Each structure stands twice: as structure tokens, then as C-alpha cells.
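I have placed the structure first, in the form of C-alpha cells, so that the comments after it can refer back to it.
Predicted model, so just to flag it, every value in this text is computed and none were measured.
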Amino acid sequence: MAVALEAPTQLPPVPGIRLATCAAGIRYRDRDDLLLIDAGSDAAIAALFTRNAFCAAPVQVAREHLETDAPRWLLINAGNANAGTGSAGLAAARATCVAAGRALGVPAQAVLPFSTGIIGEPLPVERIEAALPDLVSGLAPDGWMAGGRAIMTTDTVLKGGSRRVRLAAGEITLTGIAKGSGMIHPDMATMLAFIGTDARIDAAGLRELLIGAAEQSFNAITVDGDTSTNDALVCVASGASGVTIGPGADRERFAEALNALCLELAEAIVRDGEGATKFVRVTVGSARDRDEARRVAEAVALSPLVKTALFASDPNWGRILAAVGRSGVEDFRIDRVRIAVNGVQIVSEGGRAPGYTEEAGQQAFGEAELDILIELARGDASYRKYTCDFSYDYVRINADYRS
């Protein structure tokens with residue numbers, strides 16, 4: 001069960017953007033597993049992808065198509081990652097774009113392909129081709145909820161969110177969906193996320209804002225330390241509102257809304273981490289610089305011993321302290337470190353804090369949401385990482401995934 005996470009009851013449409021889903025039978029039965037998104041004829045598209053060198057065929061093809069001025073359509077399938085499939089996989093990804101282009105009456109380069117699911121299996125292109133006529137005829141503005149369901153794999157909850165922002169020239173909408181539950185770690189995580197807005201902004205400006213949003217959201221989450229082959233974060237701006245995002249206050253408000261929506265979706269991925277029973281924020285403060293704070297936060301958030309202790313609600317704070325100590329910080333002074341969990345001071349001066357009791361620690365670690373605060377007393381920089389615990393179910397889910 002996801003940690004304090006419920007599916008949205010509705011996701012507002014974004015003017016100028018249409019979606020459609022259908023059941024193509026790619027791997028799953030009796031559920032939609034194919035999504036088509038029309039970004040609009042005047043759309044600007046920005047996308048960020050996995051940095052895993054072993055990237056999937058659709059990632060390679062999407063990157064190629066983004067270098068043209070044609071992209072407008074997004075075609076996403078669940079159940080098959082089309083990764084580890086060599087030249088045949090590249091041919092399959094390109095074939096789906098050709099087929100979609102033919103059904104839509106546009107060049108293949110106008111289609112960006114995305115896939116998620118099992119690695120190493122051939123993509124059943126013929127099933128996607130057969131489903132395209134129904135998919136195209138079903139395009140409608142109110143398809144965000146169905147789209148969120150169609151891209152799920154081991155997710156247990158549909159992940160989506162929306163924002164409306166009042167700018168100087170009028171109101172704009174941002175709506176997004178995401179999928180991801182396991183194999184989650186920067187850069188970016190095993191995830192797909194698609195955000196639409198009716199704001200008018202050029203692709204370069206949109207990409208710059210998306211990079212900033214991803215840095216504090218999708219690139220700040222981890223479930224298990226494994227980075228995927230297929231990760232993609234895509235933002236499409238239809239421009240249908242006529243509200244242009246220029247410099248100044250409007251750009252700042254738009255960035256704030258985009259950042260908040262990305263963080264909401266990223267947190268949802270961690271809350272729905274495979275087998276997760278705890279949602280954890282690891283905040284490192286008073287570091288010399290942001291990179292140092294990030295290294296310490298990642299050492300704690302990635303530690304299997306910390307994560308299993310969290311699952312057991314065991315206040316084994318020595319595991320946290322040990323992770324801090326092996327994070328690679330230069331000239332580290334353990335006697336200056338302070339650690340608190342949900343407001344309970346546990347560590348100070350490199351050891352148990354005066355006044356700390358096992359009962360207080362047990363209560364803090366027993367909560368479903370934990371805030372671990374680590375103060376290094378070395379400077380003014382800080383960083384926050386989002387993670388979850390390791391449970392028995394994480395092993396079961398991943399052991400059974402191909403079964």
C-alpha cells in the first residue's frame with residue numbers, strides 16, 4: 001500500500017492538449033496500456049531523459065526526433081520497455097512512429113515514442129499498429145485520468161496533479177501524470193512523467209525551467225538506488241491560452257507552479273515505492289556546499305541498513321550516523337553532527353543526545369512519515385532527498401516481476 005497517497009479524483013483538461021488510451025494487449029490484459037498525447041499544432045516540447053548509458057530504444061528515437069522541428073505527438077506504451085533489444089528494438093521504436101504518423105497524417109518525426117515495462121523483450125509493434133485507429137479516434141481533452149492509469153506498471157496508485165496560475169495576461173493550467181514505483185534513483189528514476197500546460201513559451205525556455213524543476217524533484221528521489229533505461233520527463237506547452245511566459249514575475253510564478261507539480265508527482269512515486277510502508281525526507285543542513293549536503297543525504301537515503309531499520313520502526317540511529325560517516329565528506333568532524341528524527345534529537349557531538357530515550361526514538365521511528373534532519377555544522381548549504389523504507393514486499397515484487 002502506498003504511504004498516505006490517494007489517486008486524484010479528477011485532473012483538469014489543458015486547453016489545446018488531447019489524450020486517448022486503449023487496450024493494445026502489449027503485456028497486460030483487460031486494461032488500457034497505450035496512450036497518445038496531442039500537444040497541439042503550435043506546441044513547444046521539452047524533455048529530459050535517463051543518463052543511464054544503457055538507454056532504451058524509444059529514448060534514442062525520441063532524442064533524434066526532438067532535434068527536428070516536427071514533434072507534436074507522444075506515443076506511450078506500458079508493459080514492454082523495448083530496452084536491451086538492440087537494432088531490432090530501434091527498428092521497432094521507429095516503426096511505431098511511422099505507423100502513428102500514417103494514422104495521424106504526419107511525418108514519423110512528429111511522434112515521440114516512450115515505453116515502460118519488461119526489459120529485453122521484443123516490442124509487439126503489430127499490436128500497437130492495430131490499436132492506432134481507435135486511439136486516434138478517441139482523442140479528447142479530458143483524458144488525463146485514463147492516461148495516468150494506462151502508463152502504470154507496478155504502481156498501485158494513479159499519480160497525477162494540477163495547478164492553475166493567475167498571471168498578468170490571464171490564467172494558465174498545468175496538469176501532469178507520472179508512473180514509477182521501483183528502480184527509482186537519479187538520474188532520473190525509473191519513471192515516466194508527462195506535464196501539459198496551455199501557456200505560451202519557447203522550447204528552450206521551457207527546457208531551462210524543466211531542468212530546474214527536475215533537480216529538486218525527480219532527481220532528488222530514490223527508492224532502491226537503481227536507475228532505469230527508460231526514464232523521461234516531458235513538458236508540452238500548447239500555447240492555447242495565449243498567455244506568454246516572459247521574463248520577470250510571470251516567469252517566476254510559472255516556475256513555482258511547475259516546481260510544485262513536479263515535486264508532487266515525484267513524492268507520489270516514492271510514496272508508492274515498491275513495498276513501501278514509510279515515506280522519508282532526509283534533509284542535510286549546514287554543509288559547506290550543496291554537493292556535500294547531497295552526498296550525505298544520498299548516503300543515508302540509499303543505505304539498506306537504514307531503510308530496513310525504518311521498516312522495522314527500529315530507532316537504530318547508529319546506522320544513520322554510520323552512513324553519514326562514510327559519505328566521503330573531507331575533513332569530517334563527527335563530533336559536530338546533530339541528527340533529529342521527527343523533531344526528536346537523537347545525536348549530538350557524535351553520540352547519543354543528552355535526554356534522548358529509547359521510548360522517544362521508538363515513537364518517532366514508528367510514524368509512517370519521517371523527517372530525518374542532519375546538521376553538519378560546516379556551512380550554510382542544504383539538500384533534501386526523498387526516499388522510503390525496504391520491506392519484505394520489495395523483494396517479493398521484484399522477485400515475481402517477470403513471472
Side-chain angles (χ1 to χ4, degrees), residues 11 17-39 56-62 65 71-85 88-156 158-160 177-181 190-194 196 228-232 234 236 401-403:
L11 290 171
I17 297 176
R18 300 180 298 160
L19 305 89
T21 64
C22 71
I26 294 165
R27 177 171 184 248
Y28 306 109
R29 297 292 180 266
D30 304 318
R31 57 154 281 192
D32 287 355
D33 57 0
L34 193 62
L35 167 64
L36 180 67
I37 301 177
D38 174 13
V59 169
Q60 298 177 59
V61 174
H65 290 185
R72 168 180 172 178
W73 302 88
L74 281 59
L75 181 65
I76 307 109
N77 75 266
N80 185 307
N82 193 13
T85 47
L90 280 169
R94 293 190 174 108
T96 62
C97 295
V98 170
R102 186 183 307 117
L104 293 163
V106 299
Q109 290 79 9
V111 182
L112 303 180
F114 303 90
S115 299
T116 182
I118 293 288
I119 291 173
E121 295 293 329
L123 183 70
V125 176
E126 69 286 352
R127 297 180 190 177
I128 295 174
E129 289 179 329
L132 279 167
D134 287 340
L135 203 60
V136 173
S137 65
L139 285 163
D142 60 352
W144 288 95
M145 291 287 287
R149 286 188 289 268
I151 61 176
M152 294 168 63
T153 53
T154 59
D155 307 64
T156 68
L158 184 158
K159 302 168 179 69
I177 53 176
K179 66 81 52 183
S181 189
T190 301
M191 47 142 292
L192 295 177
F194 304 98
S228 174
T229 57
N230 292 63
D231 308 338
V234 186
V236 300
Y401 184 52
R402 284 170 51 88
S403 301

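Separation of atoms CD1 (Ile118) and CD1 (Ile26) is listed at 13.0 Å; rounding is to 0.5 Å. With rounding to the nearest 0.5 Å, the separation of CG in Leu74 from CZ in Arg72 is 11.5 Å. Atom CE of Met145 and atom CG of Leu11 lie 5.5 Å apart (nearest 0.5 Å). With rounding to the nearest 0.5 Å, the separation of CG in Leu36 from CD1 in Ile128 is 11.5 Å. Rounded to the nearest 0.5 angstrom, Ile37 CD1 and Thr21 OG1 are separated by 10.5 Å.
Counting only heavy atoms from C-beta outward, the side chains of Ile17 and Val236 approach each other to under 4.5 Å. With a 4.5 Å cut-off on side-chain heavy atoms, Leu123 and Asn77 count as touching. A 4.5 Å side-chain heavy-atom check between Lys179 and Thr116 finds at least one atom pair inside the cut-off. With a 4.5 Å cut-off on side-chain heavy atoms, Arg27 and Asp33 do not count as touching. Within the 4.5 Å cutoff, the side chain of Asp134 has no heavy atoms near those of the Val136 side chain.
Considering every non-hydrogen atom in both Leu19 and Pro141, the closest pair reads CD1-O, 4.1 Å. Of all the heavy atoms in Cys97 and Val111, the pair that sits closest is SG-O, 3.6 Å. Closest non-hydrogen pair, Asp155 versus Lys159, comes out as OD2-NZ, 2.7 Å. Closest of all the heavy-atom pairs between Pro122 and Asn80 is O-ND2, 2.9 Å. Nearest heavy atom pair, residue Pro113 against residue Thr96, reads CB-OG1, 4.3 Å. When all heavy atoms of Pro133 and Ala130 are compared, the closest pair comes out as CD-O, 3.5 Å.
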* Chi angles and distances behind the side chain to side chain contact (heavy atoms under 4.5 Å, CB included) call for Leu90, Gln60 -> CA-CA 8 Å; Leu90 280 169; Gln60 298 177 59; 3.8 Å; yes

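Between the side chains of Asn82 and Ser115, not a single donor N or O lies within less than 3.5 Å of an accepting N or O.
Residue pairs satisfying the ring-ring contact (aromatic ring centres under 6.0 Å, His included) criterion with at least one member in residues 99-151, sequence neighbours excluded, are listed as follows: Phe114-Phe194.
Remark: Ala81 engages Ala83, Ile119, Asn230 in a side-chain contact (heavy atoms from CB on, under 4.5 Å) (not counting sequence neighbours). Judged as a salt bridge (charged side-chain N to carboxylate O under 4.0 Å, His left out), and not counting sequence neighbours, the contacts of Arg18 are Asp38.
For the side-chain contact (heavy atoms from CB on, under 4.5 Å) with Leu35, the lone residue among Ile177, Leu192, Leu75 that qualifies is Ile177.
For His65 (side chain) and Leu112 (main-chain N/O), no donor-acceptor pair under 3.5 Å exists by modelled atom type.
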